[in-house]
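Since the structure comes first, as structure tokens, the remarks are kept for the end.
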Amino acid sequence: MTPVPDSIVFDNVSKFYGEVLGVNRVTLTIPPGITSLVGPNGSGKTTLMNLMTGLVQPSRGDIRIRGVKPSEPEKLFRFLGYATQFDSFPKGATGFGFVYGSLRLLGGGHADAEKLAWQAIEQVNLVEAAKRKIAGYSKGMRQRIRLAQAIAHDPQVLVLDEPLNGLDPLVRAETIAMFRMFANQGRHVIVSSHILHEVDMISDQVILLSNGYVVAEGQIRGVRSEIEEHPMQVLIRCSRPSEVARRFFEHEHVVEVKLHSDRGGLLVKTRDADRFYRLLNQVAMEGVDIDTVAPADDDVNSVYTYLIGAEEATK
Amino acid sequence: MNQLPWRLWAAQVAAVMRLELKKSFFARRGLWIYILAAMPVVLFTAHTISERADVEAVRARASITPQQREEIREGMSRDEVLAKLGKPFSSETRRRRNNVRETLWYSDGQAQFQVILRDDKVVQTGVNQGGSLGEDWQVFAAVYQYFFLRFAIFFGCVGVFMNLFRGEMLDKSLHFYLLAPIRREVLVVAKYLSGLVATTVIFTASVALQLTAVFALYDSNTVDQFLKAAGGWQQVWAYLGITPLACLGYGSVFLFAGLLFKNPLIPASLMLMWEGVNWFLPALLKKFSVIFYLQSLCPVPANPMGDIAAPLRLLASTAAPTPAPLAILGLLGLAAALLALSAMRARKLEINYSTE
Amino acid sequence: MAVYKKSYKGFSGALTPAWSRFLVLPRYSFARLFQSKFLFIFYALCFFPVVGGAGFIYAVNNLGFLQSFGINIGDAVKINNNYFLAFLQFQGALCYLLTALVGPSLVAPDLANGALPLYFCRPFNRVEYVGGKMSVLFILLSAITWIPGVLLFLIQSSLAGWTWMADHWWIATGLVLGSVAWILILSLIALACSAWVRWRIAAGALVLGVFFLGSAFGSAINGVLKTEFGTRFDLARLMAVIWGDLLRSDTDLGASAWDAWSTLLAVSILCVWLLDKKIRAYEVVKG
């Protein structure tokens with residue numbers, strides 16, 4: 001395996017729980033930025049995250065997180081923070097105690113740990129509830145305190161299992177902004193999520209998983225363009241849509257054109273995006289006023305539906 | 001060796017211990033360990049209080065002379081006893097299907113005189129002169145070996161040490177530690193040390209209080225003489241020293257069992273049986289138990305407590321003594337070996353809460 | 001808020017009769033319990049002494065059969081109250097082990113997983129819940145104690161003659177009463193332990209501890225305070241006292257039958273109180 005110092009690398013990794021498949025033959029290189037793991041329940045998202053953080057060990061293959069093996073927690077967790085999905089905490093812990101305790105495990109002193117703990121708690125807006133026991137927290141507060149614990153030591157790699165679950169819209173927006181800020185600083189932010197439009201909004205790249213296999217990885221648009229069996233859909237708002245439709249039909253790569261009911265635009269399905277956009281330029285130069293051109297199905301939802309199936313997508 | 005980050009490890013061990021000790025000492029679920037440790041203390045305190053009350057009662061209730069006592073023979077009727085000694089200051093009757101058993105108590109001012117009748121006939125008599133420190137020391141030795149070591153410390157260590165890993169696995173909170181930048185080996189040592197400190201403090205304090213309760217019955221001269229002239233201090237220190245060693249030995253066994261087994265109740269029961277049948281084992285196998293070394297260190301050879309109940313009979317064993325330094329080394333060796341195995345096991349530990 | 005009255009229909013079919021509704025619990029519990037091979041084998045082994053006991057009764061009543069093997073036992077072995085007491089003591093010990101294995105898994109998982117509200121939001125109350133869970137143990141333990149005990153008694157009666165049966169009917173009564181008392185006390189302790197200690201394994205350890213530690217502490221009390229009061233902490237011995245009394249044995253175990261009955265009754269009341277505190281449809285989380 002070629003070492004890639006700033007990346008997270010999975011090299012032919014498999015994990016079996018007895019006879020049950022966790023993930024199989026995963027080979028990935030994840031660059032810095034926000035990467036979303038997407039897949040139905042039981043597809044292997046959490047297993048992949050647990051493998052990354054050493055909570056489970058691969059049955060086969062090798063994993064390196066910025067050059068460090070997950071079996072070396074003493075090195076790994078100095079630059080990695082993981083907010084798990086486990087909704088359980090040390091008995092009787094307060095929010096502050098939970099974050100502070102984990103910082104003390106780094107080996108630092110009281111003053112540093114206390115300062116960092118308050119900073120992290122402030123970042124997730126939990127200062128007022130920090131001294132209360134976590135047992136009395138709401139689901140959203142628990143999610144936030146887990147996040148605080150994961151970011152408290154300013155990690156370069158942040159792994160977050162369903163981090164937006166249970167958060168209200170305002171906190172959700174703030175949290176997404178924080179992920180973006182982390183990513184812009186050249187860090188890894190790995191998130192798993194079921195909410196596809198959010199994934200679409202925040203991700204630099206996605207990893208689609210199904211039944212323990214990686215079915216696609218990369219930037220959404222790149223992934224979409226490689227799915228040839230589903231023609232790409234483009235929405236156009238323009239003048240003279242009937243005439244434009246007629247022009248499009250002259251080309252064999254255009255498989256379907258639908259006129260909008262308001263006669264102000266049309267939806268085109270094409271097998272060759274590059275040729276289609278060249279054709280569109282030509283049409284525009286011929287004097288057709290084009291207001292907007294928007295891809296209608298190069299989002300995560302469509303990619304997910306095409307690759308994993310409509311049935312799974314509705315689960 | 002100098003390149004190893006000892007200072008960092010020490011700081012991490014301290015951090016883990018700070019968290020664990022809070023749980024061990026102050027968690028509500030650990031209350032029963034205090035109760036276990038307090039049981040013999042309560043017992044010896046009650047003994048001291050009741051013995052003092054008895055001495056007062058014997059003095060106050062004097063109604064017969066030592067000569068009158070000698071006149072009571074087996075086979076005498078109840079009426080004859082009452083005619084010779086008069087009304088007892090206390091009596092107890094127990095009716096059984098086939099007979100009636102009655103006990104009468106008299107006092108001659110110095111000692112209690114007990115007459116036991118079955119179906120109105122004297123079957124036994126006895127004189128209770130009051131206890132001596134030597135006698136109480138024997139009782140303490142028996143309670144220490146047959147209750148405190150084999151049950152109180154045993155079950156206390158089961159609770160504390162198995163909870164360190166398996167308990168947190170069941171609480172689904174172990175990942176808190178596994179996601180920290182701490183070597184698994186350091187984590188094992190830190191958790192073991194916190195268990196050891198907790199059990200040692202609780203059970204050694206219990207022994208100290210038991211000894212205080214035993215000595216409190218006697219005047220300072222008697223206690224002084226026992227401690228100084230009769231080698232009492234040596235024995236006191238021995239009991240105070242054996243207790244941490246017991247926690248060390250049992251603790252390492254149960255820490256390892258908690259890491260190895262999903263249901264630690266099975267190894268704990270097997271261990272209880274193994275320690276119990278130690279008496280019957282060949283010399284070589286005896287050495288593979290904790291109780292063998294602990295009993296070798298006990299300064300007073302104790303007989304099993306009088307009337308032992310059925311489940312206890314299984315456990316009534318006496319180990320052939322081993323020289324103290326060897327016994328201590330044996331226990332330390334066992335603990336070190338099991339700790340090393342635990343650390344190896346911890347390196348492979350995975351979080352898979354759904355299968356617990 | 002929209003209320004779709006027409007689309008919701010409550011269950012209108014026939015309900016299980018209220019008196020037998022608690023039996024729903026053992027039906028599912030047995031299926032789950034016997035998924036464990038260890039438990040299945042252990043339970044099967046519990047019947048071996050019964051088979052052995054029946055063979056022994058047959059042999060003793062047919063001395064000619066034994067003599068054909070060259071065994072002459074004369075009058076040394078008799079089938080009498082002591083024989084049935086030994087049977088009860090042996091099977092009683094097996095009951096104890098079986099309870100430690102089975103008991104904690106009855107209530108602890110329901111509490112740990114917050115399943116009680118699911119039971120109590122149906123026409124099912126707390127008494128029925130406890131009764132249902134106890135019936136699991138009652139059925140399991142009855143099958144290895146008083147049922148085979150009475151069967152052995154009937155075998156002996158048929159072989160020794162009906163006069164023997166008329167003279168010794170109290171043995172059968174003692175077997176039933178002694179077994180039922182033991183089963184009830186074991187079930188209550190196991191359920192109370194598993195209700196208060198939600199960790200199934202710890203609850204099992206507690207069931208073991210109640211008896212072992214009680215016995216050891218009782219002996220310590222007797223040793224230190226020079227009394228027989230400590231025997232009251234030894235529940236197994238108290239039960240043995242009751243069995244001895246019911247089966248008219250003359251062994252002195254350090255407590256009278258009255259002491260034994262009153263102590264076990266007090267323990268039962270304590271267990272019922274503990275169950276009452278924990279078996280509830282709601283839970284208070286202290287934040």
Side-chain angles (χ1 to χ4, degrees), chain A residues 15 17-18 20 22 42 46-47 49-59 68 70-94 97-110 112-113 134 146 149-150 152-153 155 159 161, chain B residues 4-31 163-164 167-188 190-191 194 262 343-356:
Chain A
K15 175 65 187 174
Y17 299 102
V20 179
T46 301
T47 300
M49 290 186 155
N50 286 349
L51 281 165
M52 227 181 270
T53 51
L55 288 191
V56 295
Q57 290 168 8
S59 312
V68 174
S71 57
E72 297 172 320
E74 66 278 14
K75 290 181 189 163
L76 182 70
F77 292 108
R78 298 226 162 255
F79 64 84
L80 186 147
Y82 182 19
T84 64
Q85 219 184 357
F86 307 126
D87 195 25
S88 46
F89 297 85
K91 281 265 167 202
T94 61
F98 177 59
V99 181
Y100 170 82
S102 71
L103 284 167
R104 288 304 299 268
L105 293 173
L106 287 161
H110 162 75
D112 285 347
I134 298 176
R146 272 198 292 264
Q149 190 242 351
H153 60 298
V159 183
D161 201 350
Chain B
L4 292 175
W6 290 105
R7 286 184 69 167
L8 171 69
W9 290 347
Q12 288 182 323
V13 166
V16 174
M17 286 181 73
R18 203 174 298 118
L19 293 167
E20 291 294 315
L21 285 175
K22 208 188 278 180
K23 276 193 275 179
S24 301
F25 280 121
F26 303 112
R28 233 176 27 170
R29 65 163 63 174
L31 189 69
N163 200 35
L164 292 175
E168 292 205 354
M169 201 74 123
L170 289 158
D171 279 344
K172 300 181 180 174
S173 61
L174 185 61
H175 64 277
F176 174 71
Y177 284 118
L178 301 194
L179 296 178
I182 178 169
R183 284 181 74 100
R184 299 268 174 102
E185 293 87 341
V186 176
L187 181 64
V188 167
K191 278 189 164 259
S194 41
K262 275 189 183 161
M344 281 163 68
R345 177 75 193 156
R347 278 203 75 83
K348 294 192 185 306
L349 193 66
E350 292 193 348
I351 294 291
N352 193 7
Y353 295 143
S354 56
T355 60
E356 291 299 316

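Order of the sequence lines sets the chain letters (A, B, ...), proteins ahead of strands, with each chain counted from 1. What you see is a predicted model; the values in this text were computed from it and never measured.
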Taking C-beta and beyond as the side chain, do B/Leu179 and A/Thr53 meet within less than 4.5 Å on heavy atoms? yes
Tell me, for A/Leu76 versus chain B, whether the close heavy atoms (under 4.5 Å) come from the side chain, the backbone, both or neither. neither
Part of A/Tyr82 lying under 4.5 Å from any heavy atom of chain B: both
Answer yes or no: is there a side-chain heavy-atom contact under 4.5 Å between B/Phe176 and A/Gln149? yes
Nearest 0.5 Å, what's the CG-CG distance between A/Leu55 and B/Leu174? 9.0 Å
A/Ser88 versus B/His175: any side-chain heavy-atom pair under 4.5 Å? yes
B/Ala15, B/Ala180, B/Ala10, B/Pro181: which one forms the most heavy-atom pairs within less than 4.5 Å of chain A? B/Pro181
Please round to the nearest 0.5 Å and tell me the distance separating atom CG of B/Asp171 and atom CZ of A/Phe86. 13.5 Å
Output yes when a side-chain donor or acceptor of B/Arg347 lies under 3.5 Å from a complementary backbone atom of A/Ser71, and no otherwise. yes
Looking at A/Gly108, A/Ala93, A/Pro73, A/Gly81, which has the largest count of heavy-atom pairs under 4.5 Å with chain B? A/Pro73
Taking the side chain as everything from C-beta on, heavy atoms only, tell me whether B/Lys22 gets closer than 4.5 Å to A/Lys91. no
Using heavy-atom distances under 4.5 Å, tell me whether A/Ser102 contacts chain B through its side chain, its backbone, both, or neither. both
Quick check: do A/Leu105 and B/Gln12 have side-chain heavy atoms less than 4.5 Å from each other? no
Where does B/Leu187 contact chain A at under 4.5 Å (heavy atoms): side chain, backbone, both or neither? neither
Using a strict 4.0 Å threshold on nitrogen-to-oxygen distance, state whether A/Glu72 and B/Arg184 make a salt bridge. no
Hey, could you give me the CG/CZ distance between B/Leu19 and A/Phe98, rounded to the nearest 0.5 Å? 11.0 Å
Using modelled atom types only, decide if a donor and an acceptor are shared between the side chain of A/Gln57 and the backbone of B/Glu350 within a distance under 3.5 Å. no
